[in-house]
Amino acid sequence: MSDAKFEYLLRLGDSALILGQRLGEWIGHGPVLEEDIAQANVALDLIGQARMWLAYAGELEGKGRDEDKLAFLRDTGEFRNALLVEQPNGNYADTLARQFLFDAWHHALLEGLAGSNDARIAEIAAKALKEVGYHLERSSDWVIRLGDGTDESRTRMQAAIDALWTYTGELFEPDAVDAELVEQGIAVDPASLREGWLKLVGAVLAEATLTMPSPEAWMLQGSKQGRHTEHLGYILAEMQFLPRAYPGAPW
Amino acid sequence: MNAAAMTRPELEQIRAWLEDVPDPEIPVLSVLDLGIVRELRWDADTLVVTVTPTYSGCPATEVIGRDIEQALAAHGIAPVRVETRLAPAWTTDWLTEAGRDKLRAYGIAPPVNPGEGMAAEVVIPLSAIGRRRALPEAGVECPHCGSRNTRQTSRFGSTPCKALWRCDDCLEPFDHFKRH
């Protein structure tokens, strides 16, 4: 009965977890100290959120998998994070473009989930929403600053948006899991978020003097079925190395 | 354990003891000042302390749970169970007045409440997103010299709850505890 909910919680938890892990790669490599710290702080929020989603998923599943087991002992095909968040950090424009496209979607999704019939989903979403609002403010600021910046920063930000665009389509594609949970008032229909997302993204890109790629462009998809880009395996290899090499190692 | 039950301290007394449990990141604040201790109650012989986390990933949360248990054990209260409650989500509006004063004295500008002359510090001003968004009429009050001629230099500081600001009068940088 709760299979769909378990699946849905993995999607929420894995997207937060993998983006948190990606941002963690910036630690010690940020362009300035303040940005290094900012990446770490956003990562911390996301990993905290991932922990809450995955802990709930593990409880529902009832097979003794806690959030750590779910994070560290699944392989790529079992991960349900959006393709967008596993894309490499690239240059700073790539990282911030990825963050902005994700934040704009994440914020709208959490707003909807804060009204979920499932009390636990609603309270995690309400808590996360406050943090993600701040992330969205920051990432949209950066898209505008780099887009409406120098020729070099503008070129890079435009290239980043163009390259990541193909991974945004699946964020709005419903499947059977979504349909079942929307029916029960638990989940948000992803398709319902698309119009607001396009509007917000369009407004920020316009302010940034950037060109929005076509919303009708061909889009990659597959993460809801565990089909990922080649990057995810490398992230997991690094993230999961320690608990796999030293099973049961406590902190 | 009937004897223990008879000498059980009042919850108000226990609450007062928690005044001595500091936040591990900002030790001038107690867990009570932070407003994260939401409830104290007895479950048979176990004292249940309900705590609301500040930020989802704040590493201080787990330390705080352990510190509460240890502090209460020192007063002979055991067993203690620390429970986490997510809703309603923690807000800096729960920071006590005493906590705000302590922050200021420590060199951290406390969060600004609505109606305190800095209306722009709302949590999610999505409508205001854009490079030309209105700047706040007055900045956060500098904890060193009291000036409001201040500006944000970084959205994040040394912990998730803080941002970096700088005073354009006394020229000192300072931490600001963000409204959340």
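Most heavy-atom pairs under 4.5 Å with chain B: of the set A:Ala40, A:Gly48, A:Ala206, A:Gly20, this distinction falls to A:Gly48. Per-residue counts of heavy-atom pairs under 4.5 Å with chain A were compared for B:Leu164, B:Thr153, B:Thr159; the largest is that of B:Thr159. The most heavy-atom pairs under 4.5 Å with chain B, out of A:Met52, A:Glu35, A:Arg120, come from A:Met52. The choice from B:Gly157, B:Cys58, B:Ala163 that makes the most heavy-atom pairs within less than 4.5 Å of chain A is B:Gly157. Comparing A:Gln49, A:Glu34, A:Glu131, A:Arg51 by how many heavy-atom pairs each has under 4.5 Å with chain B, the most go to A:Glu131.
Heavy atoms closer than 4.5 Å to chain A are found nowhere in B:Pro88, neither backbone nor side chain. Using a 4.5 Å cut-off between heavy atoms, A:Leu33 makes no contact with chain B at all. The part of B:Thr54 that comes within reach of chain A is its backbone (N, CA, C, O), which places non-hydrogen atoms under 4.5 angstrom from that chain. At a 4.5 Å heavy-atom cutoff, the contact between A:Arg138 and chain B is made by backbone and side-chain atoms alike.
Taking the ring centre of A:Trp142 as origin, the terminal cationic atom of A:Arg145 falls inside the region bounded by 6.0 Å and 45° from the ring axis.
Side-chain atoms of A:Gln158 and A:Thr211, non-hydrogen and from C-beta on, do get closer than 4.5 Å to each other. A heavy-atom distance below 4.5 Å is not found between the side chains of A:Gln184 and A:Asn117. Side-chain contact between A:Asp118 and A:Tyr56 is present, with heavy atoms from C-beta onward closer than 4.5 Å.
Note on B:Arg148 versus B:Asp169: no salt bridge recorded, every NZ/NE/NH1/NH2 to OD/OE distance being 4.0 Å or above.
Proximity of the aromatic rings of A:Phe102 and A:His135 is defined here by a centroid distance below 6.0 angstrom, and this criterion is not met.
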A:Arg156 vs A:Glu152, salt bridge (charged side-chain N to carboxylate O under 4.0 Å, His left out): CA-CA, chis, key distance, verdict = CA-CA 6 Å; A:Arg156 290 195 186 208; A:Glu152 179 69 18; 2.8 Å; yes

